[in-house]
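This report refers to the structure that appears directly beneath it.
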Amino acid sequence: MKKKLMTGIIATLLFASPIVMPTVTEAASVQELEDQKAELENKSSELNSKIQSQEETLNNLESEKVNLESEVEKLQTDIDAVVLDLKAQEQKLADSKAKIEKLKAEIEKLKELIARREEKLEHQARSVQTDGSASNMVDLVLSADSLSDLVGRVGVVNQLVSANKEIVTQQENDKKEVEKNEEAAQEEKVAVETLKAEIEVNKSNLVAQKAELDDKIVQVATKYDMTESEKNEFVKAQAVVATKTSVLSSELQEERQRIIAEEEKAQAAAKQAEAEAKAKAEAAEAAETAETAETKQTTSSSNSSSQSNNNAQASTPSSSNSSGFIHPSGGYQTSSYGYRIHPITGVNKLHGGIDFGGGGPIVAAQSGTVVFSGYDSSWGYYVKIDHGNGLQTLYAHMVAGSLLVTSGQQVSQGQQIGTMGTTGSSTGVHLHFEVYVNGSRVDPANYL
């Protein structure tokens, strides 16, 4: 019985084995496939999200390209307008210079005529003093032989008196004419100087606008992650758009390129000079720091104490009463000097100046010489002024085309140099104001 039962169990197991084992294996395989399918679906979903994100980015870049081409066309039109205005201004300048030369020639002629008359009048005066007097005139009349002779002699006297009177009158009129011409020449000279300054400012704005346009083109090309050759082709394509938009003649286009080349060279020289001055200042500061450290090691404790007092005095900033600075804008302060989270990059870094919001004109905080007026991808349209004694100020993020000064120009305190804008790396309309001492940024609050 047991043997039959065992045989039955074994037979059952043998017959059951081929059926049960594959089912377990198949179940395991299905689970793996399900897992693989889920993993693939997740990857597919991630890939679709990336593709969608990339398409959105490309669509945005396409929009930026379209906007950029519109900006290229608009800016090219603005540049053309500036070039035509420059041409008209230069013609006015030439006419004014010719007018000044003409006035100078007329003044010289009148002065020469006046000098000859002066000499004639002086000669007559000397003749009267040496050869005649009032009694001689009476004798001339009394010695007449007849009435007709008397009338003739009286006529001669009248003619002499009238002639001299006319000479004196003409002399006075000519002197007044000289004064009038000299005044007109001076007014024309002032007008010429003003016009020349306007031309230089327009040239500076022209170059700054081109720099802004070039910067935007490169930024879009960079976002597209183009190769260098593709980027160059893209820049050329935008240049073609600008050329097609331009209504200038070939002669004026050449003139525009000449102006831009000259101004870019001048601005590059100004930047180079500024960089060299900064490098010298940093080297001098490093040398001074090293010298101070060496002095501290070799001097006595009393000298060290004295040196510390001197350093404390030297590091004390000028008070607002003695600095001679005025506020560069009528806006309200929105951000101070010091470390902060950058509003664009999100990185904790030094904010090297003071920000003023509210919009409106920007003025020179103190009189000085403009060392730079142009465009930078970070500062946007900005101006830097040298006030002497190692002191400089910087005014950034101005409105495009609002620069009112140019490199090398003398400015007075309170003179408007631009208008608050949001060009460059900026999140809103404001003025970013910096103060430099020997090339190093310091807190502007100590000077305002």
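We're numbering straight along the sequence, starting at 1.
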(request) Sequence neighbours left out, what pairs pass side chain to side chain donor-acceptor pair (under 3.5 Å) with at least one residue falling in residues 396-407? (result)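 Every candidate side chain to side chain donor-acceptor pair (under 3.5 Å) pair involving residues 396-407 fails, so no pair, neighbours aside, qualifies.
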
Distance from [X] atom [atom1] to [Y] atom [atom2], nearest 0.5 Å?
X: Ile100; Y: Glu187; atom1: CD1; atom2: CD; answer: 11.0 Å
X: Asn446; Y: Tyr337; atom1: CG; atom2: OH; answer: 9.5 Å
X: Gln333; Y: Leu448; atom1: CD; atom2: CG; answer: 8.5 Å

Between [X] and [Y], what is the shortest heavy-atom contact and its length?
X: Gly380; Y: Thr423; result: CA-OG1, 3.5 Å
X: Ser373; Y: Leu403; result: OG-CD1, 3.5 Å
X: Gln209; Y: Tyr381; result: CA-OH, 3.2 Å
X: Pro328; Y: Phe356; result: CG-CE1, 4.0 Å
X: Ile362; Y: Met420; result: CD1-N, 3.7 Å
X: Gly359; Y: Val429; result: CA-CG1, 4.1 Å

So, do [X] and [Y] sit near enough that their side-chain heavy atoms are less than 4.5 Å apart?
X: Trp379; Y: Glu434; value: yes
X: Asp355; Y: Leu431; value: no
X: Lys203; Y: Val207; value: no
X: Met398; Y: Val383; value: yes
X: Tyr332; Y: Thr334; value: yes

(message) Between Arg441 and Val435, is the side-chain contact (heavy atoms from CB on, under 4.5 Å) condition met? List the steps.
(response) CA-CA 6 Å; Arg441 288 186 295 185; Val435 175; over 6 Å; no

(request) Verify salt bridge (charged side-chain N to carboxylate O under 4.0 Å, His left out) between Lys104 and Glu108, making sure each step is shown before the conclusion. (result) CA-CA 6 Å; Lys104 283 182 179 179; Glu108 289 303 317; over 6 Å; no

Would you confirm whether [X], through its side chain, and [Y], through its main-chain N or O, come within 3.5 Å as a donor-acceptor pair?
X: Asp85; Y: Ala81; result: no
X: Gln409; Y: Val370; result: no
X: Glu183; Y: Lys180; result: no
X: Ser204; Y: Glu200; result: no
X: Asn389; Y: Leu391; result: no
X: His327; Y: Ser329; result: no

(request) Could you tell me which residues satisfy side chain to side chain contact (heavy atoms under 4.5 Å, CB included) with Leu404, sequence neighbours excluded, listed by chain and number? (result)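 Leu404 satisfies side chain to side chain contact (heavy atoms under 4.5 Å, CB included) with Gln416 once adjacent residues are dropped.
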
(request) Please list, chain by chain and in numerical order, all residues satisfying side chain to side chain contact (heavy atoms under 4.5 Å, CB included) with Leu93, sequence neighbours excluded. (result)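 So Leu93 forms a side chain to side chain contact (heavy atoms under 4.5 Å, CB included) with Lys97, Val192, Leu195, Lys196, Ile199.
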
Applying salt bridge (charged side-chain N to carboxylate O under 4.0 Å, His left out) as the test, list every pair that has at least one member in [range]; sequence neighbours left out.
range: residues 409-427; value: none
range: residues 375-397; value: Glu274-Lys384
range: residues 356-369; value: none
range: residues 389-405; value: none

(request) Could you tell me whether the side chains of Gln413 and Ser367 share a donor-acceptor contact shorter than 3.5 Å? (result)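 Per modelled atom types, Gln413 and Ser367 side chains form no pair under 3.5 Å.
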
(request) Report the residues that fulfil salt bridge (charged side-chain N to carboxylate O under 4.0 Å, His left out) with Asp214, sequence neighbours left out, ordered by chain and then residue number. (result)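 Salt bridge (charged side-chain N to carboxylate O under 4.0 Å, His left out) check on Asp214 returns Lys210.
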
(message) Run the salt bridge (charged side-chain N to carboxylate O under 4.0 Å, His left out) test against Lys87 and tell me which residues pass, sequence neighbours left out.
(response)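 By the salt bridge (charged side-chain N to carboxylate O under 4.0 Å, His left out) rule, Lys87 matches no residue at all.
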
(message) Parallel, tilted or perpendicular: which one describes the rings of Phe325 and Tyr447, with boundaries at 30° and 60°?
(response)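 Tilted.
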
(message) Using the rule given for side-chain contact (heavy atoms from CB on, under 4.5 Å), can you reason through Ile385 versus Phe372, listing the C-alpha separation, both sets of side-chain angles and the distance that settles it, and then say yes or no?
(response) CA-CA 7 Å; Ile385 302 174; Phe372 187 83; over 6 Å; no

(request) Go through Gln366 and Ile326 one step at a time and tell me if the side-chain contact (heavy atoms from CB on, under 4.5 Å) criterion holds. (result) CA-CA 7 Å; Gln366 197 179 67; Ile326 64 172; over 6 Å; no

Who passes side-chain hydrogen bond (donor to acceptor under 3.5 Å, both in side chains) against [X], sequence neighbours left out?
X: Asn67; answer: none
X: Thr393; answer: His387, Tyr395
X: Lys216; answer: Glu71

(message) Applying side-chain contact (heavy atoms from CB on, under 4.5 Å) to Asp215 and Tyr375, what does each step give before you reach the verdict?
(response) CA-CA 9 Å; Asp215 185 59; Tyr375 181 84; 3.5 Å; yes

